[in-house]
Visitor: 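Below you will find the structure I want to go over with you.
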Amino acid sequence: MHWSKLFIPTLRETPAEAEVVSHQLLLRAGYIRQLSAGIYSYLFLAQRSLLKIIRIVREEMDAIGAQEMLLPALHPAELWQESGRWEVMGDNMFRLRDRSGRELCLGMTHEEVMTDIARGELRSYKQLPQIWYQIQTKFRDEPRPKSGLLRVRQFLMKDSYSFDLDAAGLDASYEKHHRAYCRIFDRCGLRYITVEAHSGAMGGSQSHEFMVVSDAGEDFIVRCPGCGYAANREKAVSVARPPEAPDPEGELVPEEFHTPGRKTIREVAEFTGLPESSQIKSLVMVADGQPVLALLRGDHSLSETKFQSAVGAVEVRPAHPAEMREWFGADAGSLGPVGIKYMRILADAALRGRRNMICGANRDDYHLRHVTIGEDFQAEFCDLRQVEAGDACVHCGSPLEVLKTVEVGHIFKLGYKYSESMGLRVLTESGNEVPVIMGSYGIGIERILCAAIELFHDADGMALPVSIAPFELVVTPVNKADAAQWEAAQRIYEECRSLDIDVLLDDRDERPGVKFKDADLIGIPYRITVGKKLAGGIVELVERRSRTGEEVAVEEAARTARERIQSALAHGG
RNA sequence: CGGGGCGUGGCGCAGCCUGGUAGCGCACCUGCCUUGGGCGCAGGGGGUCGCAGGUUCAAAUCCUGCCGCCCCGACCA
């Protein structure tokens, strides 16, 4: 294609509203324009790139025998009421009414619709397994869209659903997806980490997320450099560092002492001269309307997700100050478990075996010392603690790292949730009716592009992997007014086309600097520069990412470029 | 939903405090010039100053309300 005919509205300056790199570059490079908060138009370059990503996704899904479909984005309310998610999804669901007042919603995901199709048609174990997928627009009314295309209200997702007769079948479908996802992200040139993920309140036995390390991300993962253990922080476990000071010995009894104005763990530590790890942190939570006291070591913090799982609640929140006063007779900063009755008390496992610790006395400005769990109060032990960088790996003892990441894919063993609530059953070989076991699997298409930009960019712009760049190669005549250069550039361009290279000819009447800057900005991986050396029969082949160039003979240029491109594609973008 | 910031030409901004002709850089158009990293010169086009009220002889500027966008938090298949 000829650049002068294309709509590639690059900007010299970064739009003020963009904060993360991928957002800035997508705007500057003319890939996208914003229509509204969390709603974007994908212009020519973005669409080319997304279509390449989609092609890769489609090829790999087809390769595991998945069948592509296209489901509606507009769903009747009744379908979601059946699964119970009409209420569960709350304000995150876009809802509307048709002309006769019937309630509808825009699909956030498609478990319900897929299950509806399946229950209408699947009757026998002989029809299983099935893997169905689509690449389609999803709508989620995010409370706070942000970071360009990373968190939006309308986005493309590849979602697939597996239907199996039994758990072993689900395992196989899950494994197929796991491998397909690895191939997809490899081919898209991403560096990613597969982590164990939280299964969510809806249950399910297993879940993995595919994460790309980036400061633009919103998820934290924990990884062990020693043995490769990796998990979402919501689920990750670790061995806590030992307390900084040993507990006092002996059968001591709780003793109240005055701590005027000392509210935080740190203030009490300074006041007593004992480390934070010698205190019990008391957090008052409300789980499905019921007060629950969560106890942690003073220097540890609560994982709300772990807490939620431990109490088995749907909705969890910290208590309001008025509630704390009502239940404990004191304000936050002086609360503790001693003497608390009629309230569930959960203690983090790191408190097991500790003796004679310090905690709030449930009297403003007073604390207790010499408090021992199991003697001075009773609690249920469970894992409540959020993993911190530097904690020891439970498998190999190495210090763990905590990384910020973007989630690009998620695979999930659903189990029987939808087949049971919506009545998807088949007959087995022996003739009895059983629910079908399901899995669901998602890939965020735009997030692949964003993650690639976050991973591969420099001060001049994107350095996209060849596999997903909007073009593979640009041919740039330095001086179009120079007839020899212009003719050679056109000839090379045509040769590239005949070699099936996805090539762009920069035929614009611009100074070379402008053309180089633009090509770098939009991230074309290779460039053939036709300039002065043409007089000696030489042009230059430059790689965007490494900024290295090689001189090649004019007649070899297209073929050499193809070799470089093929080799790059073979090595993961 | 709470907190903060911002809405002035396509982009980046100044002007607002102290009311009085809407400005700068980039981009864009025309011509000349230039051609290996966002050239130079000359000329030119484009803005109901987010919207609606109000105050005033006079509002981008002051007041009130609303809307939109961004960031932090809350929230979050």
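Letters A, B, ... mirror the listed sequences (proteins, then strands); counts begin at 1.
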Visitor: Among B/rC72, B/rC70, B/rG37, find the nucleotide with the atom closest to the side chain of A/R144.
Guide: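 So the nucleotide nearest the side chain must be B/rC72.
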
Visitor: Just say parallel, tilted or perpendicular for the rings of A/H110 and A/H75, cut-offs at 30° and 60°.
Guide: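 Perpendicular, since the angle between the ring planes exceeds 60°.
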
Visitor: Starting at atom CD1 of A/I411, determine the distance to atom C1' of B/rA77, rounded to an integer number of angstrom.
Guide: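 To the nearest whole Å, that distance equals 15 Å.
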
Visitor: Nearest to the side chain of A/E510 - B/rC28, B/rG37, B/rC69?
Guide: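 Between B/rC28, B/rG37, B/rC69, the one nearest the side chain of A/E510 would be B/rC28.
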
Visitor: Which of these nucleotides, B/rG38, B/rC70, B/rU35, is closest to any side-chain atom of A/Y40?
Guide: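 Nearest nucleotide to the side chain: B/rC70.
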
Visitor: Does any N or O donor sit under 3.5 Å from an N or O acceptor when you compare the side chain of A/D520 with the base of B/rG37?
Guide: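 Donor-acceptor pair under 3.5 Å: yes.
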
Visitor: In whole angstroms, how far is the P atom of B/rC32 from the CG atom of A/D509?
Guide: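 Roughly 13 Å, once rounded to whole Å.
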
Visitor: Strictly by modelled atom types, are A/Y418 and A/R119 linked by a side-chain donor-acceptor pair under 3.5 Å?
Guide: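 A/R119 and A/Y418 do not have a side-chain donor-acceptor pair below 3.5 Å.
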
Visitor: Taking the side chain of A/R527 as heavy atoms from C-beta outward, which of B/rU35, B/rG37, B/rC69 is closest to it?
Guide: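 Nearest listed nucleotide: B/rG37.
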
Visitor: Looking at B/rC26, I'd like to know if its phosphate oxygens (OP1 or OP2) sit under 4.0 Å from a side-chain N or O belonging to A/R12.
Guide: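 No, because none of the side-chain N or O atoms of A/R12 sits under 4.0 Å from OP1 or OP2 of B/rC26.
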
Visitor: Give one of base, sugar-phosphate or nothing for A/E209, where a contact means two heavy atoms less than 4.0 Å apart.
Guide: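 Result for A/E209 = nothing.
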
Visitor: Could you state the CZ-C1' distance from A/R317 to B/rC75, rounded to the nearest angstrom?
Guide: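 Checked: the CZ to C1' distance equals 14 Å.
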
Visitor: With the side chain counted from C-beta on, respond yes when A/I492 and A/V475 share a heavy-atom pair under 4.5 Å apart, and no when they do not.
Guide: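 They are in side-chain contact.
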
Visitor: Angle between ring planes, A/F94 versus A/F139, binned at 30° and 60°: parallel, tilted or perpendicular?
Guide: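 A/F94 vs A/F139 ring planes: perpendicular.
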
Visitor: What distance, rounded to whole Å, do you find between the two C1' atoms, one in B/rG7 and one in B/rU61?
Guide: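 To the nearest whole Å, 15 Å.
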
Visitor: Parallel under 30°, tilted from 30 to 60°, perpendicular over 60°: which one fits the rings of A/W132 and A/F163?
Guide: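 A/W132 and A/F163: tilted rings.
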
Visitor: Taking the C1' atom of each, how far is B/rU8 from B/rG4, in whole Å?
Guide: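 These two C1' atoms come out 22 Å apart once rounded.
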
Visitor: Do A/S41 and A/Q34 get their side chains close enough for a donor-acceptor pair, meaning under 3.5 Å?
Guide: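 On atom types as modelled, these side chains do not qualify, holding no pair under 3.5 Å.
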
Visitor: Nearest to the A/N92 side chain among B/rU35, B/rC39, B/rC76, which nucleotide is it?
Guide: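 Out of B/rU35, B/rC39, B/rC76, the nucleotide with an atom closest to A/N92's side chain is B/rC76.
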
Visitor: So, is A/K146 near the phosphate of B/rC72, with a side-chain N or O under 4.0 Å from OP1 or OP2?
Guide: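 Answer is yes, contact under 4.0 Å.
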
Visitor: Determine the Euclidean distance between corresponding C1' atoms of B/rC63 and B/rG25; express it in Å to zero decimal places.
Guide: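 Looking at atom C1' only, B/rG25 and B/rC63 are 34 Å apart.
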
Visitor: Please report the distance, rounded to the nearest Å, between CZ in A/R153 and C1' in B/rA77.
Guide: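 Whole-Å distance recorded here is 18 Å.
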
Visitor: Which nucleotide sits closest to the side chain of A/E13: B/rC39, B/rG25, B/rC70?
Guide: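 From the listed options, B/rG25 comes nearest.
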
Visitor: Checking contacts here: which listed nucleotide (B/rA77, B/rG36, B/rC75) is nearest the side-chain heavy atoms of A/P512?
Guide: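 Nearest to the side chain of A/P512 among the choices is B/rG36.
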
Visitor: With both distances under 3.5 angstrom, what nucleotide forms a Watson-Crick or G-U wobble pair with B/rG43?
Guide: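 Paired with B/rG43, as far as the under-3.5 Å criterion goes, is B/rC29.
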
Visitor: Can a cation-pi geometry be assigned to A/R564 and A/Y526, taking NZ or CZ under 6.0 Å from the six-membered ring centre and within 45° of the ring axis?
Guide: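 Ring-cation test returns no.
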
Visitor: For the side chain of A/K517, counting heavy atoms from C-beta on, which of B/rG12, B/rC39, B/rG37 is nearest?
Guide: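 Output: B/rG37.
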
Visitor: When you get a sec, tell me which of B/rA77, B/rC13, B/rU34 is the closest nucleotide to the side chain of A/R85?
Guide: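 Nearest to the side chain of A/R85 among the choices is B/rA77.
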
Visitor: Tell me: CZ of A/R28 to C1' of B/rC11, nearest whole Å?
Guide: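 Rounded to whole Å, this separation is 11 Å.
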
Visitor: Expressed as a whole number of angstroms, how long is the span from A/L11:CG to B/rC13:P?
Guide: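 Distance check: A/L11 CG to B/rC13 P gives 12 Å.
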
Visitor: Taking the same atom, C1', in B/rC26 and in B/rG19, what whole-Å distance lies between them?
Guide: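 Approximately 31 Å lies between the C1' atom of B/rC26 and that of B/rG19.
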
Visitor: Over how many whole Å does the gap from A/E142 atom CD to B/rC1 atom P extend?
Guide: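 These atoms are roughly 16 Å apart.
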
Visitor: Name the nucleic acid region contacted by A/Q34, choosing base, sugar-phosphate or nothing; use a 4.0 angstrom heavy-atom cut-off, strictly under.
Guide: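 Result for A/Q34 = sugar-phosphate.
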
Visitor: Between A/S36 and A/M108, name the one whose nearest nucleotide on RNA chain B is closer to the 5' end.
Guide: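 Result of the comparison: A/S36.
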
Visitor: Under 3.5 Å for both donor-acceptor distances, Watson-Crick or wobble: does B/rC1 have a partner, and if so which one?
Guide: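 Because both required distances fall under 3.5 Å, B/rC1 counts as paired with B/rG73.
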
Visitor: CD of A/Q24 versus C1' of B/rC70: gap in Å, rounded?
Guide: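 Interatomic distance, CD of A/Q24 to C1' of B/rC70: 13 Å.
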
Visitor: How far, in whole Å, is B/rC39 from B/rU34 if one measures between their C1' atoms?
Guide: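 Pairwise C1' distance, B/rU34 against B/rC39, rounds to 6 Å.
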
Visitor: State the pairing partner of B/rG68; accept Watson-Crick or G-U wobble contacts with both distances under 3.5 Å, and report none otherwise.
Guide: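 Pair assignment: B/rG68 / B/rC6.
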
Visitor: Mind checking who B/rC57 pairs with, Watson-Crick or G-U wobble, both distances under 3.5 Å?
Guide: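 Paired with B/rC57, as far as the under-3.5 Å criterion goes, is B/rG20.
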
Visitor: Examine the side chains of A/E68 and A/Y133 and answer whether a donor and an acceptor come within less than 3.5 Å of each other.
Guide: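 Present: a donor and an acceptor within the cut-off.
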
Visitor: Of all the nucleotides listed (B/rG36, B/rC71, B/rA77), which has the minimum atom distance to the side chain of A/T109?
Guide: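 Comparing B/rG36, B/rC71, B/rA77 against the side chain of A/T109, the answer is B/rA77.
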
Visitor: Closest-nucleotide mapping onto RNA chain B: is A/P15 or A/D518 further toward the 5' terminus? I mean the 5' end.
Guide: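 Here A/P15 is the residue nearer the 5' end.
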
Visitor: At 4.0 Å (heavy atoms only), tell me whether A/T305 reaches a base, stays on the sugar-phosphate, or touches nothing.
Guide: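 Contact class for A/T305: none.
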
Visitor: Checking all strands, does A/P145 fall into the base, sugar-phosphate, or nothing category for heavy-atom contacts under 4.0 angstrom?
Guide: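 Counting heavy atoms under 4.0 Å across all strands, the contact made by A/P145 is with sugar-phosphate only.
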
